Engineer: 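Attaching a single structure in structure tokens format; questions to follow.
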Amino acid sequence: MSTLSVEMLAAAPAEPITSAGHAQLGIAVLVGIAVIVLLITRLKLHAFLSLTIGSLVLGAVAGAPLDKAIASFTTGLGATVAGVGVLIALGAILGKLLADSGGADQIVDTILAKAGPRSMPWAIVLIASVIGLPLFFEVGIVLLIPVVLLVAKRGNHSLMRIGIPALAGLSVMHGLVPPHPGPLATIDAIGANLGVTLALGVLIAVPTAVIAGPLFSRLAARWVDVTPPEKLIPQRPSAELERRPSFAATVATVMLPVVLMLAKALVDIVVDDPENHVQRVTDVIGSPLIALLAAVLVGLFTLGRAAGFGRDRLAVTVEKSLVPIAGILLIVGAGGGFKQTLIDVGVGRMILDFSKDWSVSALLLAWLIAVAIRLATGSATVATISAAGLVAPLAADMSTTHAALLVLAVGGGSLFFSHVNDAGFWMVKEYFGMDVGQTVKTWSLMETVISVVSLVFVLLLSLVL
């Protein structure tokens with residue numbers, strides 16, 4: 001969480017609600033989560049409304065006055081949107097520029113031109129990971145599916161050998177690496193250092209993507225053999241463009257916010273002097289807001305202008321990028337409201353009290369909570385935000401690195417075993433022309449591999465950091 005957002009939260013806390021007994025609080029948590037799950041899965045209610053209603057039910061069952069529960073929810077919603085809303089918007093703009101300008105296609109074509117048949121799965125996971133940094137998962141799928149289907153068809157490759165690495169690269173970035181909404185919201189809720197979380201997230205994401213992508217795809221190709229469906233090959237975004245941005249400019253633009261944030265984290269560790277001029281400069285340029293804003297402004301020229309976009313076309317691209325994220329912002333905000341309600345009714349204190357007597361690791365506990373909510377709701381974002389609210393108190397006495405690992409444990413758990421209640425499950429099924437059983441054997445198991453492997457690396461790093 002940035003210093004600014006911490007100060008905002010400290011300056012305008014929700015008025016604490018008198019804590020009820022542990023038994024009543026435990027029941028309130030279960031009822032609140034159950035209401036959210038039932039509303040999302042059974043009644044197909046939007047996650048924003050479900051989280052809002054679930055938060056109020058949680059407060060009511062915990063014995064909180066309705067006005068206090070409402071105050072907690074709205075305070076948490078406002079603080080969360082203030083902390084991560086602008087970052088999500090900037091990430092969406094950068095992703096849209098990358099897609100519309102043909103920059104994503106330029107990365108794809110350049111790498112594939114240099115990849116041989118044996119290295120193709122490795123090239124695909126690299127492409128997906130780079131493109132997946134600024135893009136939402138669903139957008140990444142839409143961008144990469146044409147490439148996956150064309151490569152599999154023209155190179156006579158197994159669709160699973162090409163498709164699974166692409167999905168793994170996108171999914172790992174979505175769950176573990178900011179500036180995706182889930183990790184950002186968890187960082188904000190837990191109060192973790194974004195730069196450290198980003199560095200550790202990339203460190204864990206690389207081997208996780210390798211294991212769940214090129215390596216697991218060998219097994220998936222043996223279990224499922226499907227032919228690329230011709231009718232599902234959509235037109236590539238840059239097919240009608242006269243020119244595209246260069247490969248070097250595109251990669252530099254995508255990596256700019258990552259480099260700035262990692263530079264800040266490195267200087268903070270090495271220098272550790274708030275009065276040092278170098279550290280003061282990197283604290284500014286490496287803050288998430290400035291890093292992403294810089295990438296967007298640079299991208300307007302290196303991506304938009306390079307593709308021949310005029311002012312009007314750039315304005316349309318930016319405008320269109322913000323429309324799809326309205327729902328995501330509301331879900332993330334409502335998740336922050338749910339988190340604040342949990343804290344104000346005393347659930348955080350209850351978990352701290354109980355965890356003192358548990359032999360289970362706080363990191364494992366966070367992962368298990370996220371897994372349970374993911375399986376129930378089908379939403380990685382809902383699982384991330386809800387689990388972060390429950391385990392946030394555990395980070396109070398943690399070191400900077402362990403708080404970052406707590407974020408990554410939650411992110412890994414939120415990816416566990418995507419099944420029929422997850423929209424991503426059906427996207428993959430339809431795009432790849434598989435039946436439900438085949439999708440479970442490939443996509444669902446791949447998500448589980450990502451979740452478990454990332455947890456193993458989180459626990460290993462916790463032993464040495």
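Nothing here was measured: the structure is a model prediction, and the numbers come from that model. Numbering starts at 1 and runs along the sequence shown.
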Engineer: Go through the steps to decide whether Val86 and Leu329 satisfy the test side-chain contact (heavy atoms from CB on, under 4.5 Å), and finish with yes or no.
Structural biologist: CA-CA 9 Å; Val86 176; Leu329 281 174; over 6 Å; no

Engineer: For residues Met120 and Pro165, determine if any side-chain heavy atom of one lies less than 4.5 Å from a side-chain heavy atom of the other.
Structural biologist: no

Engineer: For the residue pair Ala334 and Ser55, what are the closest heavy atoms and their distance?
Structural biologist: O-OG, 4.5 Å

Engineer: Is there a side-chain contact between Ile211 and Val449 (heavy atoms, below 4.5 Å)?
Structural biologist: yes

Engineer: Taking atom CZ of Phe73 and atom OG1 of Thr341, what is their separation to the nearest 0.5 Å?
Structural biologist: 7.0 Å

Engineer: Using modelled atom types and a 3.5 Å cut-off, is there a donor and acceptor pairing between side-chain atoms of Ser119 and backbone atoms of Trp122?
Structural biologist: no

Engineer: Got a second to check how far Ser321's OG is from Leu98's CG, nearest 0.5 Å?
Structural biologist: 12.5 Å

Engineer: Locate the shortest heavy-atom distance separating Ala366 from Val410; write the atom from each residue and the value.
Structural biologist: CB-CG2, 3.8 Å

Engineer: Partners of Ser217 by side chain to side chain donor-acceptor pair (under 3.5 Å), sequence neighbours excluded?
Structural biologist: Arg161

Engineer: Kindly say whether Gly412 contributes a backbone atom to a donor-acceptor pair with the side chain of Ser451 at under 3.5 angstrom?
Structural biologist: yes

Engineer: Look up atom CD in Gln340 and atom CG in Leu77, then write down how far apart they are to the nearest 0.5 Å.
Structural biologist: 11.0 Å

Engineer: Which atoms form the tightest heavy-atom contact between Ala128 and Ala166, and what is the distance?
Structural biologist: CB-O, 3.2 Å

Engineer: My understanding is that only residues two or more places apart in sequence, or in another chain, count here; which of them pass side chain to side chain donor-acceptor pair (under 3.5 Å) with Ser454?
Structural biologist: none

Engineer: Keeping Thr186 on the side-chain end and Val407 on the backbone end, is there a donor-acceptor pair under 3.5 Å?
Structural biologist: no

Engineer: With sequence neighbours left out, which residue pairs that include part of residues 249-265 fulfil the salt bridge (Lys or Arg N to Asp or Glu O under 4.0 Å) condition?
Structural biologist: Lys264-Asp268, Lys264-Asp283

Engineer: Does the side chain of Phe216 come within less than 4.5 Å of Ile450's, by heavy atoms?
Structural biologist: no

Engineer: How far apart are the closest heavy atoms of Ala392 and Ala189, and which atoms are they?
Structural biologist: CB-O, 3.7 Å

Engineer: For the residue pair Leu461 and Thr401, establish whether any side-chain heavy-atom pair is separated by less than 4.5 Å.
Structural biologist: no

Engineer: Could you give me the CA-CA distance, side-chain angles and deciding distance for Lys96 and Val318, then say whether side-chain contact (heavy atoms from CB on, under 4.5 Å) is met?
Structural biologist: CA-CA 7 Å; Lys96 185 67 172 173; Val318 172; over 6 Å; no

Engineer: State, with a plain yes or no, whether a side-chain heavy atom of Leu415 is found less than 4.5 Å away from one of His174.
Structural biologist: yes

Engineer: Donor-acceptor pairs under 3.5 angstrom involving side-chain atoms of residues 194-210: please list them, not counting sequence neighbours.
Structural biologist:
unit_1, atom_1, unit_2, atom_2, d
Thr197, OG1, Asn193, O, 2.7
Thr208, OG1, Ile204, O, 2.7

Engineer: Between the side chain of Thr75 and the main-chain N/O of Ser72, is any donor-acceptor distance below 3.5 Å?
Structural biologist: no

Engineer: About how many Å separate CG of Leu455 and CG of Leu364, when rounded to the nearest 0.5 Å?
Structural biologist: 6.0 Å

Engineer: Would you check if there is a donor-acceptor pair between the side chains of Ser171 and Glu447 at a distance under 3.5 Å?
Structural biologist: yes

Engineer: Report the C-alpha distance between Leu463 and Leu459 in whole Å, list the side-chain angles of each, state the deciding distance to 0.1 Å, and finish with yes or no for side-chain contact (heavy atoms from CB on, under 4.5 Å).
Structural biologist: CA-CA 7 Å; Leu463 298 177; Leu459 295 177; 6.0 Å; no

Engineer: What's the verdict on side-chain contact (heavy atoms from CB on, under 4.5 Å) for Val452 and Phe417, showing C-alpha distance, side-chain angles and the deciding distance?
Structural biologist: CA-CA 10 Å; Val452 173; Phe417 196 76; over 6 Å; no

Engineer: Going by heavy atoms in the side chains, are Phe338 and Thr52 under 4.5 Å from each other?
Structural biologist: no

Engineer: Search all heavy atoms of Ala383 against all heavy atoms of Ala370 and return the closest pair with its distance.
Structural biologist: CB-O, 3.6 Å

Engineer: Show me, pair by pair, the donor-acceptor contacts under 3.5 angstrom made by side chains of residues 292-303, not counting sequence neighbours?
Structural biologist:
unit_1, atom_1, unit_2, atom_2, d
Thr302, OG1, Thr253, OG1, 2.7
Thr302, OG1, Val298, O, 3.0

Engineer: Does Asp397 have more than 12 heavy atoms from other residues, nucleotides or ligands lying within 6.0 Å of its CG?
Structural biologist: no

Engineer: Can you find a heavy atom in the side chain of Asp344 that is under 4.5 Å from one in the side chain of Lys68?
Structural biologist: no

Engineer: Quick check: closest heavy atoms across Pro214 and Pro121, and the distance to 0.1 Å?
Structural biologist: CG-O, 3.9 Å

Engineer: Only distances under 3.5 Å count here; give the side-chain donor-acceptor pairs of residues 305-314 to other protein atoms, sequence neighbours excluded, each with its distance to 0.1 Å.
Structural biologist:
none

Engineer: Mind checking the OG-CD1 spacing from Ser50 to Ile53? Nearest 0.5 Å is all I need.
Structural biologist: 6.5 Å

Engineer: Would a distance-only check, ignoring hydrogens and angles, find a side-chain to backbone donor-acceptor pair under 3.5 Å from His402 to Leu363?
Structural biologist: no

Engineer: Going from CD1 on Ile187 to CD1 on Ile190, what distance comes out if it is rounded to the nearest 0.5 angstrom?
Structural biologist: 9.0 Å

